[in-house]
Amino acid sequence: MKFFDDLRNLDRNNIGGWPKSVKGFFVALVIVVIVFIGWYAYVSGEQDTLSTAQQQEVKLKQEFEQKQAKVVNLDALKAQLAQMNEMLSQMLRELPSKTEMPALLVNISQSAQAAGIVTDEFTPKPEIPKEFYAIQPISLKMQGTYHQFGTFISTVASLPRVVILTMHDVSLSADKPGGGKDSPPAGGVLKLEGTVQTYRYLGDEEAKGKNDKAPARKGGK
């Protein structure tokens, strides 16, 4: 064919003298190469965009599934939270109130005396108010046996109101010489000294008044 003969006989130093058919062929070839390079660059960029979008899709699906699981369980969680709040409120209301606290302290002191414990000191200290309850520290100095202290704790636990006694900086030692601080004799006298804390419920009005005063103190600074 004449076209292939022209290709074989091309003079590379005289491009202007090439036949029109050969010139058209090379122009078309250059156009094809340029289009291919442009297409490849475009497709490569779109592939990166597609890969990023696919990764984002997986991430969004995971977030959606997590949020959907929370939404599905939301009503159950709300009901559980309401139940827990109700239980907490009931437990708090089983603690002694402000008006019951003086009589309760007397009952605790009398319980120690009824158990045969010698009370050298039983001094209630100022209350420490918290968010919805108040701490009542009591400074104690007592003497008695294991059995007497056991009877005292049992009696306090059986009081009509829930009484919680927590020990703070309390020391317990044998009163008799040679008894040993860590392992006193079963019938030996023990000395208990330190501070215990009991708790009372803050009434709605007290809690409300405490919360109302907090912003006022902050603004006054």
Looking only at heavy atoms, which two atoms of E127 and P129 are closest? And how far apart?
O-CD, 3.6 Å

Output all residues satisfying side-chain contact (heavy atoms from CB on, under 4.5 Å) with S109, sequence neighbours left out; order by chain, then residue number.
Q113, F122

Residues two or more places apart in sequence or in another chain: which of them pass salt bridge (charged side-chain N to carboxylate O under 4.0 Å, His left out) with E121?
none

Considering all heavy atoms of both residues, which atom of A115 and which atom of Q148 are nearest to each other, and what is their separation?
O-CG, 3.2 Å

Flag the pair D120 / V118 as yes when at least one side-chain heavy-atom distance between them is below 4.5 Å, and no otherwise.
yes

If you take all heavy atoms of P102 and T99, which pair is closest and at what distance?
CD-O, 3.6 Å

State plainly whether the residues E57 and K61 are in salt-bridge range, i.e. N to O under 4.0 Å.
yes

From CA spacing to verdict: side chain to side chain contact (heavy atoms under 4.5 Å, CB included), Q136, L104:
CA-CA 11 Å; Q136 174 66 73; L104 175 65; over 6 Å; no

What's the separation between atom CD in Q83 and atom CD in E86, rounded to the nearest 0.5 Å?
9.5 Å

Roughly how far, to the nearest 0.5 Å, is OH of Y201 from CE of M101?
15.0 Å

Side chains of S111 and F152: closer than 4.5 Å at any heavy-atom pair?
yes

Hydrophobic cluster membership, V106 vs V156, 4.5 Å side-chain cutoff:
no

Kindly write out the residues that satisfy side-chain contact (heavy atoms from CB on, under 4.5 Å) with N73, not counting sequence neighbours, or none if the list is empty.
L77

Side-chain donor/acceptor of T151 to backbone N/O of H147, under 3.5 Å:
yes

Under the side-chain contact (heavy atoms from CB on, under 4.5 Å) test, which residues partner E63, sequence neighbours left out?
K59, L60

Are any of the side-chain heavy atoms of V58 and Q54 separated by less than 4.5 Å?
no

d(L192 CG, I117 CD1) to nearest 0.5 Å is 8.0 Å

Please round to the nearest 0.5 Å and tell me the distance separating atom OG1 of T155 and atom CG of N107.
11.0 Å

I need the minimum non-hydrogen distance between P126 and P137, along with the two atoms involved.
O-CD, 3.4 Å

Hey, which of V30, V32, I31 is the one that makes side chain to side chain contact (heavy atoms under 4.5 Å, CB included) with I34?
V30

L74: side-chain contact (heavy atoms from CB on, under 4.5 Å) partners, not counting sequence neighbours:
K78

Heavy-atom closest contact (T145 atom, L190 atom, distance)
C-CD1, 4.4 Å

Report the distance from atom NZ of K191 to atom CD of Q143, rounding to the nearest 0.5 Å.
6.0 Å

With sequence neighbours excluded, residues passing salt bridge (charged side-chain N to carboxylate O under 4.0 Å, His left out) with K125
none

To the nearest 0.5 Å, what is the distance between CD on E193 and CG on L140?
10.0 Å

If you take all heavy atoms of R200 and P96, which pair is closest and at what distance?
CB-O, 3.1 Å

